[in-house]
*Asks:* 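First, the structure itself, so that you have it in front of you.
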Amino acid sequence: MVWLGIDLGDARVGLALSDPGITLAHPAGNIQVYGDSFRALDEVVDVIEDESVDHVVVGLPLLLSGEEGRSAKKARRWTVNLERRLRAAVEDDEYSLTQVPTIELVDERLTTVTAHHQLFDAQIGGREHRPMVDQQSAVVILQTAIDRRERQEERETCDR
């Protein structure tokens with residue numbers, strides 16, 4: 001099993017993948033979108049196929065108040081469009097996809113700030129820093145979902 005994390009940036013869509021045991025997230029690159037994240041949908045479908053992804057985590061950029069603004073609504077529309085593209089790919093013989101992966105939206109408040117701090121802590125700054133922020137944000141989004149899943153499994157084990 002492999003999970004994919006997605007951060008919808010203005011210039012780039014950042015990607016992160018989990019290890020097969022779904023314990024750690026790692027950067028998986030960016031897709032340049034030049035202000036239109038919907039341009040990345042086909043490339044994301046290709047990543048899902050190539051990496052045999054069975055769970056997708058998309059960052060939901062809520063306002064600090066927890067309310068949904070324009071960016072969160074765009075992320076929801078993007079996710080609906082991704083699911084449509086995946087359904088079409090499952091039916092298309094040119095793709096090897098046999099089922100649509102589970103897609104979830106995860107609160108991504110402050111992930112960009114966390115990503116910046118992680119990159120600075122790793123002494124990555126200057127020109128190489130900017131293009132890495134989106135994929136590092138995707139790592140934070142995905143790792144948050146992975147950690148939440150582990151805590152849920154621990155609670156279920158304790159409840160038994």
Side-chain angles (χ1 to χ4, degrees), residues 1-64 66-116 118-119 127-149:
M1 290 178 45
V2 174
W3 286 18
L4 173 68
I6 300 173
D7 176 61
L8 301 173
D10 290 329
R12 292 167 290 278
V13 171
L15 304 176
L17 289 166
S18 75
D19 62 323
I22 313 171
T23 55
L24 292 173
H26 60 87
N30 292 313
I31 300 169
Q32 295 293 326
V33 294
Y34 309 104
D36 182 7
S37 60
F38 289 88
R39 295 174 66 177
L41 286 166
D42 289 333
E43 288 182 62
V44 170
V45 170
D46 290 342
V47 169
I48 290 168
E49 178 184 33
D50 293 345
E51 299 295 334
S52 302
V53 171
D54 58 0
H55 191 90
V56 179
V57 179
V58 180
L60 182 65
L62 299 174
L63 301 173
L64 288 177
E67 296 178 27
E68 290 191 15
R70 183 181 312 156
S71 294
K73 290 175 180 150
K74 180 180 175 184
R76 286 192 184 279
R77 285 193 315 274
W78 192 91
T79 301
V80 166
N81 281 297
L82 175 61
E83 186 171 359
R84 285 183 186 145
R85 296 266 176 106
L86 287 166
R87 288 190 191 290
V90 166
E91 295 174 11
D92 188 337
D93 292 338
E94 290 186 26
Y95 287 92
S96 62
L97 292 171
T98 57
Q99 65 183 27
V100 175
T102 304
I103 302 173
E104 73 172 299
L105 289 157
V106 173
D107 179 358
E108 69 155 280
R109 282 179 282 184
L110 302 177
T111 57
T112 302
V113 172
T114 302
H116 279 293
Q118 289 173 346
L119 291 170
R127 292 182 184 196
E128 51 184 357
H129 180 97
R130 184 175 296 261
M132 296 179 80
V133 169
D134 295 301
Q135 65 182 325
Q136 190 62 33
S137 293
V139 169
V140 174
I141 291 164
L142 181 55
Q143 192 64 53
T144 299
I146 290 170
D147 293 346
R148 187 178 61 222
R149 173 185 176 250

*Asks:* Could you check if a side-chain atom of Thr144 sits within less than 4.5 angstrom of a side-chain atom of Val57, using non-hydrogen atoms only?
*Replies:* no

*Asks:* Would you give the length of the straight line joining atom CD1 of Ile146 to atom NE2 of His55, rounded to the nearest 0.5 angstrom?
*Replies:*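 Reported value, rounded in 0.5 Å steps: 9.0 Å.
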
*Asks:* Is a side-chain donor or acceptor of Glu83 paired with a backbone partner of Thr102 at a separation under 3.5 angstrom?
*Replies:*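 Pair absent, no side-chain N/O of Glu83 close to backbone of Thr102.
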
*Asks:* Does the side chain of Ile6 come within less than 4.5 Å of Ile141's, by heavy atoms?
*Replies:*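 Side chain of Ile141 against side chain of Ile6, heavy atoms only: no contact under 4.5 Å found.
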
*Asks:* Which atoms form the tightest heavy-atom contact between Ser18 and Leu142, and what is the distance?
*Replies:* N-CD2, 3.6 Å

*Asks:* Regarding Arg87 and Glu91, does a basic nitrogen lie under 4.0 Å from an acidic carboxylate oxygen?
*Replies:* no

*Asks:* Side-chain contact, heavy-atom cut-off 4.5 Å: Glu68 with Leu63?
*Replies:*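 They are not in contact (no side-chain heavy atoms under 4.5 Å apart), so the answer is no.
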
*Asks:* Quick check: closest heavy atoms across Val33 and Gly9, and the distance to 0.1 Å?
*Replies:*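 Here Val33 and Gly9 meet closest at CG2-O, 3.9 Å.
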
*Asks:* Please report the shortest heavy-atom distance between Glu49 and Leu97, naming the atom on each side.
*Replies:* CA-CD2, 3.8 Å

*Asks:* Measuring from atom CD of Glu108 to atom CG of Leu8, what distance do you get when rounded to the nearest 0.5 angstrom?
*Replies:*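 CG of Leu8 is found 7.5 Å from CD of Glu108.
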
*Asks:* Looking only at non-hydrogen atoms, find the nearest pair between Gly14 and Ala138 and report the distance.
*Replies:*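 Result for this residue pair: O-CB, 3.4 Å.
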
*Asks:* Which value, rounded to the nearest 0.5 Å, describes the distance between Arg85 atom CZ and Phe38 atom CZ?
*Replies:*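 If I round to the nearest 0.5 Å, the distance is 9.5 Å.
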
*Asks:* I'd like to check Val45 versus Leu82 (side-chain heavy atoms, cut-off strictly below 4.5 Å). Are they in contact?
*Replies:*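 Result yes, sub-4.5 Å side-chain heavy-atom pair found.
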
*Asks:* Do Val2 and Ser52 have side chains that get closer than 4.5 Å, going by heavy atoms?
*Replies:* no

*Asks:* May I ask you to test the Trp3-Asp54 pair for a side-chain heavy-atom distance under 4.5 Å?
*Replies:*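 Heavy-atom side-chain distance check passes, below 4.5 Å.
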
*Asks:* Is any side-chain N of the basic residue among Arg148 and Glu104 closer than 4.0 Å to the acidic one's carboxylate O?
*Replies:*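 Yes, charged N to carboxylate O under 4.0 Å.
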
*Asks:* Indicate the atoms forming the closest heavy-atom contact of Ala75 with Gly59, along with that distance.
*Replies:*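 For Ala75 and Gly59, the tightest heavy-atom pair comes out as CB-O, 3.8 Å.
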
*Asks:* Is the count of non-hydrogen atoms from other residues, nucleotides or ligands lying under 6.0 Å from Asp10 atom CG greater than 12?
*Replies:* no

*Asks:* Checking side-chain contact (heavy atoms from CB on, under 4.5 Å) for the pair Leu4/Glu51: CA distance, chi angles, key distance, verdict?
*Replies:* CA-CA 9 Å; Leu4 173 68; Glu51 299 295 334; over 6 Å; no

*Asks:* Do Ile103 and Leu86 have side-chain heavy atoms sitting under 4.5 Å apart?
*Replies:* yes

*Asks:* What are the two closest non-hydrogen atoms of Val106 and Ala145, and how far apart are they?
*Replies:*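 In this case the closest contact between Val106 and Ala145 is CG2-CB, 4.2 Å.
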
*Asks:* Working to the nearest 0.5 angstrom, can you tell me the gap between Gln135 CD and Asp7 CG?
*Replies:* 10.5 Å

*Asks:* Give, for atom NZ of Lys74 and atom OG1 of Thr79, the distance between the pair rounded to the nearest 0.5 Å.
*Replies:*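 Rounded to the nearest 0.5 Å, the NZ-OG1 separation comes out at 11.5 Å.
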
*Asks:* Any chance you could measure Leu17, atom CG, to Leu24, atom CG, to the nearest 0.5 Å?
*Replies:*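 Output value for this atom pair is 12.5 Å.
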
